[in-house]
Amino acid sequence: MEVFDAIETCRAIRYFKKDPVAPELIEKIIFAATRSPSPGNTQGWDFVVVTDAAKRAELGTAIAELMQPIVDHVEAQFGGPERLDDVTARMLRGALNLALGLAEVPVHIVVCGPNVYPQPNTTPEATIMATTYPAAQNILLAARALGLGSCLTTYQNTCGEAIHRILGIPDEVRVVSYIPIGYPDTNHNSFGPLARQPIENFIHANGWQGQLRGAALPE
Ligand SMILES: Cc1cc2nc3c(=O)[nH]c(=O)nc-3n(C[C@H](O)[C@H](O)[C@H](O)COP(=O)(O)O)c2cc1C
């Protein structure tokens, strides 16, 4: 698959078939993750891959229980998905479905950041995030290229202690993202064009006020 096709159609997938994913494909995804850049090429990342059904069930149960108050809060805040526009309501329903049904998702990749590159001019958190998020993005794109769906989540914000305990992750290692992966259930939204604003809304050419198109050309 051409890289731009993968980028343009790499939607967050939140409904999965139960079909297992071949270990070779998981290795390809981790290969892609470990080809990302990192400060000083320190490669400060670890990936806990969970495929074992009992372990997924343990994680799924713990995360669903801990996420339930968040689900209730979100529903109360938005007054229920019926008050939202279609896209937001679908996203919210999907996010809730995913958080409460994780046990059934065939692969969970927990992206971890060991603090291997302390720097004087920043915080360990900033360096760990900056190191691991390119790797997480490579996971999403590699999965897409292999026909697998994925969704970057931050369950660790609410369920960090449970994730650490169940997976035996050392205390000093940060969990930075939790990525469920599997073949998309095409009864729901699957791969397709992303809803994003046009690039003009984000480009600042040669300074904050500048336009790229129509910018003065060099003499
Ligand atoms: C830092 C970060 C945290 C996210 N956390 C969650 C999450 O906890 N649960 C979830 O279902 N999606 C999560 N997402 C996915 C976003 O909701 C999704 O990328 C966004 O809605 C755009 O959807 P699209 O990629 O399908 O266009 C997260 C994405 C990022 C980058």
Side-chain angles (χ1 to χ4, degrees), residues 1 3-16 29 32-33 36 45 47-48 50 56 59-60 62-75 77-78 81 84-113 125-163 174-199 201-202:
M1 170 174 239
V3 68
F4 274 96
D5 289 339
I7 290 171
E8 285 171 12
T9 60
C10 190
R11 281 190 188 155
I13 302 296
R14 300 189 176 93
Y15 296 87
F16 299 94
I29 291 170
S36 10
W45 43 55
F47 307 94
V48 184
V50 187
R56 285 188 282 125
L59 284 160
I63 291 174
E65 196 173 306
L66 290 160
M67 291 299 285
Q68 188 65 55
I70 309 276
V71 168
D72 296 342
H73 171 78
V74 169
E75 284 184 340
Q77 192 181 7
F78 288 111
L84 303 168
D85 66 83
D86 283 355
V87 174
T88 313
R90 196 169 54 227
M91 190 269 291
L92 205 52
R93 269 197 304 274
L96 304 185
N97 166 78
L98 182 59
L100 302 182
L102 266 184
E104 304 291 342
V105 183
V107 182
H108 305 189
I109 297 182
V110 183
V111 181
C112 299
E125 281 68 29
T127 304
I128 288 170
M129 292 293 177
T131 301
T132 48
Y133 265 76
Q137 177 66 16
N138 271 9
I139 289 176
L140 307 185
L141 288 177
R144 170 65 194 97
L146 296 169
L148 289 160
S150 65
C151 181
L152 195 150
T153 80
T154 44
Y155 296 143
Q156 74 280 356
N157 292 346
T158 306
C159 316
E161 189 280 324
I163 295 168
R174 285 281 298 272
V175 170
V176 294
S177 60
Y178 193 112
I179 308 181
I181 294 182
Y183 291 98
D185 174 354
T186 46
N187 293 317
H188 294 271
N189 238 26
S190 184
F191 301 129
L194 301 170
R196 299 288 191 273
Q197 297 175 43
I199 59 171
N201 292 9
F202 303 110

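Both ligands and their constituent atoms are indexed starting at 1 by order of listing.
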Please report the closest heavy-atom contact between [X] and [Y], naming both atoms and the distance.
X	Y	value
Ser190	Arg11	O-NH1, 3.1 Å
Ile29	Ile181	CD1-CD1, 4.4 Å
Ser177	Tyr133	CB-OH, 4.2 Å
Leu100	Ala64	CD2-O, 3.8 Å
Tyr178	Ile163	CD1-CD1, 3.7 Å

Ligand-residue contact atoms, ligand 1 with [X], heavy atoms, under 4.0 Å:
X	answer
Ala95	11 (O)
Arg196	22 (C), 24 (P), 25 (O), 27 (O)
Leu194	27 (O)
Cys151	10 (C), 11 (O), 12 (N)
Arg11	26 (O)

Checklist entry - Does Leu98 reach the side chain of Tyr155, with side-chain heavy atoms less than 4.5 Å apart? => result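 Leu98 reaches Tyr155 side chain to side chain.
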
Checklist entry - So do the side chains of Leu148 and Tyr183 get within less than 4.5 Å of each other, counting heavy atoms only? => result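 Counting from C-beta outward, Leu148 and Tyr183 do come under 4.5 Å.
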
Polar proximity ligand 1 side, [X] side, N/O cut 3.5 Å exclusive:
X	value
Met91	no
Tyr155	no
Arg14	yes

[atom]: the protein heavy-atom neighbour that sits closest, reported with distance to 0.1 Å:
atom	answer
atom 3 (C) of ligand 1	Thr154 CG2, 3.6 Å
atom 19 (O) of ligand 1	Ala12 CB, 4.3 Å
atom 9 (N) of ligand 1	Thr153 CG2, 3.8 Å

Checklist entry - So does Phe4 have more than 12 non-hydrogen atoms from other groups sitting under 6.0 Å from CZ? => result no

Next on the checklist: Regarding atom 4 (C) of ligand 1: of the candidates Ile179, Leu140, Leu152, which has the closest heavy atom?
Outcome noted: Leu152

